[in-house]
Amino acid sequence: MKVIVTDEISEKGLELLQKDPRVQLDVRLGLRKAELHQLIGDYDAIITRSGTQVDAELLSHAKKLKMVARAGVGIDNVDVPAASERGIIVVNAPFGNTNSAAEHTMAVLLALCRNVPTANDSLKGGQWQRAPFTGHELKQKTMGIIGLGKVGGRVALRSRAFEMDVVVYDPYISEKRASDFGTRLVSLDQLVGTADVISVHTPLNGETLGLIKAEHFAGMKDGVLIVNCARGGIINEAAMLDALESGKVAGAAFDVWSEEPPASDILKQLIAHPRMVVTPHLGANTFEAQTNVAVDVSREILNMLDDKPVENAVNIARFDPDLMAQMRPFMELAAVLGDFISQLAPENPGKVSFNYTGKLAAHDCMPITVAGLAALLNRCTDQEVNMVNANLVAERRGLVVEQSRSTESQFFSNLITLNLETPQGKRTIAGTLFEGTPKIVKMRDFDTDFTPEEHMLVLTYEDRPGLIGRIGTILGEAEVNIGAMNLGRRGKGGEAMVVLSIDSPVDEETLARLSEAVGARFVKAVYLKP
Ligand code: NAD
Ligand code: MLT
């Protein structure tokens, strides 16, 4: 597997990949856009921080790419829908730098309150001045936190340690979460009107871009302090500059910018403003955090390589890891059923239903459905269909996907049945696990009992004496060895279905001979990925 690293990532954290002989790791920093477009087609995975725009254009060149690994939390530099459409897994490292980001927030806030950067410059410049650097205490002030997530929560705890009263605006959390952090939930307007310090900690998205704008500044207390260590653009930067210049805001501390590196006039003026404390996106730049996030994404790449569930995929529905471990054999069974039926059923299915009966049905079966659906769809399209894009591909093709569960089961302790509705009628396949191995126990309305193998042959015909012998002879002449045979029939002399496991593929000519020899209604060679 080839992995390209396009932003600075901790070497210590990449050791896991470096040590693995299956991985070729190429660190290519400072690539121009066009260069990366040219290179990306060779790679199976890309590791980035916020410096690389993984946009739809880059992804269109990424023919082999299976994973975008973002060594950090923010995924605003990754076009996740475009990746999902291509079946590319996007993972991030949502926990590794939380503490660093929270500590950096406090660092810039304290630096702002106590004029540390300007006092530092003054003393180093040979002056001994004290009065101009008189600052403010945090104690007994009101901290307003916007977004009480992982970083916001830690900032709340640290603010309380400074004896601040903490109010929170976050429409997506419970009152309990707010009170667990010793904070109070308020509306955005209330927060803006009462806080002495406002610190934003939301993700950047369509809803939060420009969340704090001119009208909010107008409603703030005079002399308020503003902190942004989340993402540039959550606070409108032009409005921020105006509020500093008008004196409404006493000072601000920003680590992040709508443009990185900042180049626009507004950003240059903002950065140069004497009452701004600024850092170049350093929130996560601690040795600890950088090792953590690099280890986290390296693990995810190895999980993918080892066919294990990835833990922090942002574009695969997240399931409990214990549930996934239990479900894995059933996911494999569903994939076999989906792959098998997709090769036998008529074209243009309009609906597929996954029915689960038995003990299995007591659990959330959605991962099994998605695994089965991906296998079912994989042969209908040139694009790779997997757990990431299976639902999307089904939706695009107008395929309705249904799921039903019942813990009551007649014959099997667990049974998965797929029903495919096509313009030519309904097709059914059902399977179970026997000592952990998939068994197919129903095809159409025939009871069957066989273990799916790599190469198989399915024939239906009017049952008459001597036909099995003829099949054996023709396959023997074609030097195809039969490993196992399963015969299902509706009754003496009725329609019969023969399923053969064979050791090698059958060519078209042999298929035609077989068809003629038994007067087959249906004959099909099936190939299942080993
Ligand atoms: P998180 O997902 O854990 O928390 C985000 C919180 O914002 C959630 O509680 C969510 O409910 C809330 N939220 C979402 N939309 C909101 C809205 N419209 N109004 C109010 N609240 C809203 O994320 P996190 O890990 O805490 O990260 C927070 C931010 O910090 C992100 O933007 C992330 O990219 C950034 N970050 C920056 C650095 C850095 O280097 N400066 C490091 C780490 C994280
Ligand atoms: C993040 O989103 O994790 C941070 O902004 C840090 C980074 O980009 O490295």
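We count ligands from 1, going down the list as the structure has it; atoms in each ligand are counted the same way. Computation of the quantities below employed the complete heavy-atom set of this structure, encompassing side-chain atoms and omitting hydrogens, waters and symmetry-equivalent molecules.
- An N or O contact shorter than 3.5 Å links His281 to ligand 2 by distance.
- Inspection of the Asn389 and Arg86 side chains reveals no N or O donor paired with an N or O acceptor under 3.5 Å.
- Closest approach of Thr6 to Leu36, counting heavy atoms only: CG2-CD1, 3.9 Å.
- By the 3.5 Å distance cut-off applied to N or O atoms, Leu211 is not counted among the residues near ligand 1.
- In terms of polar-atom proximity, Gly72 is not counted as a contact of ligand 2, lacking any N or O under 3.5 Å from an N or O of the ligand.
- Below 30°, between 30° and 60°, or above 60°: for Phe254 and Trp257 the angle between ring planes is between 30° and 60°, a tilted geometry.
- The single protein non-hydrogen atom nearest to atom 16 (C) of ligand 1 is Tyr172 CE1, 3.7 Å, given as residue, atom name and distance.
- The pair Asp20-Arg22 meets the salt-bridge criterion, since a charged nitrogen lies less than 4.0 angstrom from a carboxylate oxygen.
- Listed by atom number, the atoms of ligand 2 under 4.0 Å from Ser50 heavy atoms are 8 (O).
- Near Leu148, meaning under 4.0 Å from one of its heavy atoms, ligand 1 places the atoms 9 (O).
- Given atom 27 (O) of ligand 1, the protein heavy atom at minimum distance is Val151 CG2, 3.8 Å.
- Of the options Arg70, His104, Glu260, Arg49, the smallest heavy-atom separation from atom 1 (C) of ligand 2 is shown by Arg70.
- Cys229 O, 3.8 Å is the protein heavy atom nearest to atom 38 (C) of ligand 1.
- For Asp76, no heavy-atom contact with ligand 1 is shorter than 4.0 Å.
- Taking all heavy atoms of Pro94, Gly283, Gly149, Ala289 into account, the minimum distance to atom 6 (C) of ligand 1 is reached by Gly149.
- Distances below 4.0 Å separate heavy atoms of Ala101 from the following atoms of ligand 1: 42 (C), 43 (C).
- Remark: side-chain polar atoms of Asn315 are paired, donor with acceptor, to backbone N or O of Ile88 under 3.5 angstrom.
- Nearest protein heavy-atom neighbour of atom 43 (C) of ligand 1: Asn97 OD1, 3.3 Å.
- Of the protein's non-hydrogen atoms, the one nearest atom 17 (C) of ligand 1 is Glu207 OE2, 3.6 Å.
- Defined by atom type and a distance below 3.5 Å, a donor-acceptor pair is present between the side-chain atoms of Thr208 and Asn205.
- Residue contacts with ligand 2: Gly74 is placed with a nitrogen or oxygen under 3.5 Å of a nitrogen or oxygen of the ligand (distance criterion only).
- For atom 1 (P) of ligand 1, the choice among Arg49, Lys150, Arg231 with the nearest heavy atom turns out to be Lys150.
- Heavy atoms of His281 found under 4.0 angstrom from ligand 1 belong exclusively to the side chain.
- The residues Glu57 and Lys33 are annotated as salt-bridged, a charged nitrogen and a carboxylate oxygen being separated by less than 4.0 angstrom.
- Remark: Ser100 engages Thr286, Ala289 in a side-chain contact (heavy atoms from CB on, under 4.5 Å) (not counting sequence neighbours).
- The closest donor-acceptor contact from the side chain of Lys63 to the backbone of His61 lies at 3.5 Å or more, if one exists at all.
- Remark: minimum distance from atom 20 (C) of ligand 1 to any protein heavy atom is reached at Pro171 CD, 3.3 Å.
- Ranking the protein heavy atoms by distance from atom 3 (O) of ligand 2 puts Val73 N, 2.6 Å first.
- Between the CD atom in Gln269 and the CG atom in Leu241 there is a gap of 5.0 Å [rounded to 0.5 Å].
- In this structure, the side chain of His216 engages the main chain of Lys213 through a donor-acceptor pair within 3.5 Å.
- Atoms of ligand 1 lying under 4.0 Å from at least one heavy atom of Gly74, given by number and element, are 34 (O).
- Comparing heavy-atom distances from atom 14 (C) of ligand 1 across Pro203, Gly232, Gly96, Gly147 singles out Pro203 as nearest.
- In terms of modelled atom types and a separation under 3.5 Å, the side chain of Asn378 and the main chain of Val385 share a donor-acceptor contact.
- Atom 6 (C) of ligand 2 has its closest protein heavy atom at Ala284 CB, 3.4 Å.
- With rounding to the nearest 0.5 Å, the separation of CG in Leu225 from NE2 in His136 is 6.5 Å.
- Neither the backbone nor the side chain of Asn285 comes within 4.0 Å of ligand 2, counting heavy atoms alone.
- Judged by distance alone, with hydrogens and angles left aside, the side-chain atoms of Asp170 form a donor-acceptor pair with the main-chain N or O of Leu148 at under 3.5 Å.
- Looking from atom 33 (C) of ligand 1 to the surrounding protein, the closest heavy atom is Val73 CG1, 3.7 Å.
- Nearest protein neighbour of atom 28 (C) of ligand 1, counting heavy atoms only, is His201 O, 3.3 Å.
- Ion pairing of Asp76 with Arg231 is present here, as a side-chain N (NZ or NE/NH1/NH2) and a carboxylate O approach within less than 4.0 Å.
- The nearest protein atom to atom 2 (O) of ligand 2, hydrogens excluded, is given as Arg231 NH2, 2.5 Å; this is a heavy-atom distance.
- One option in Asp170, Ile75, Thr202 has a heavy atom closer to atom 12 (C) of ligand 1 than any other, and that option is Asp170.
- Applying side-chain hydrogen bond (donor to acceptor under 3.5 Å, both in side chains) to Asp255 and the options Asn285, Thr279, Thr105 leaves one that passes, Thr279.
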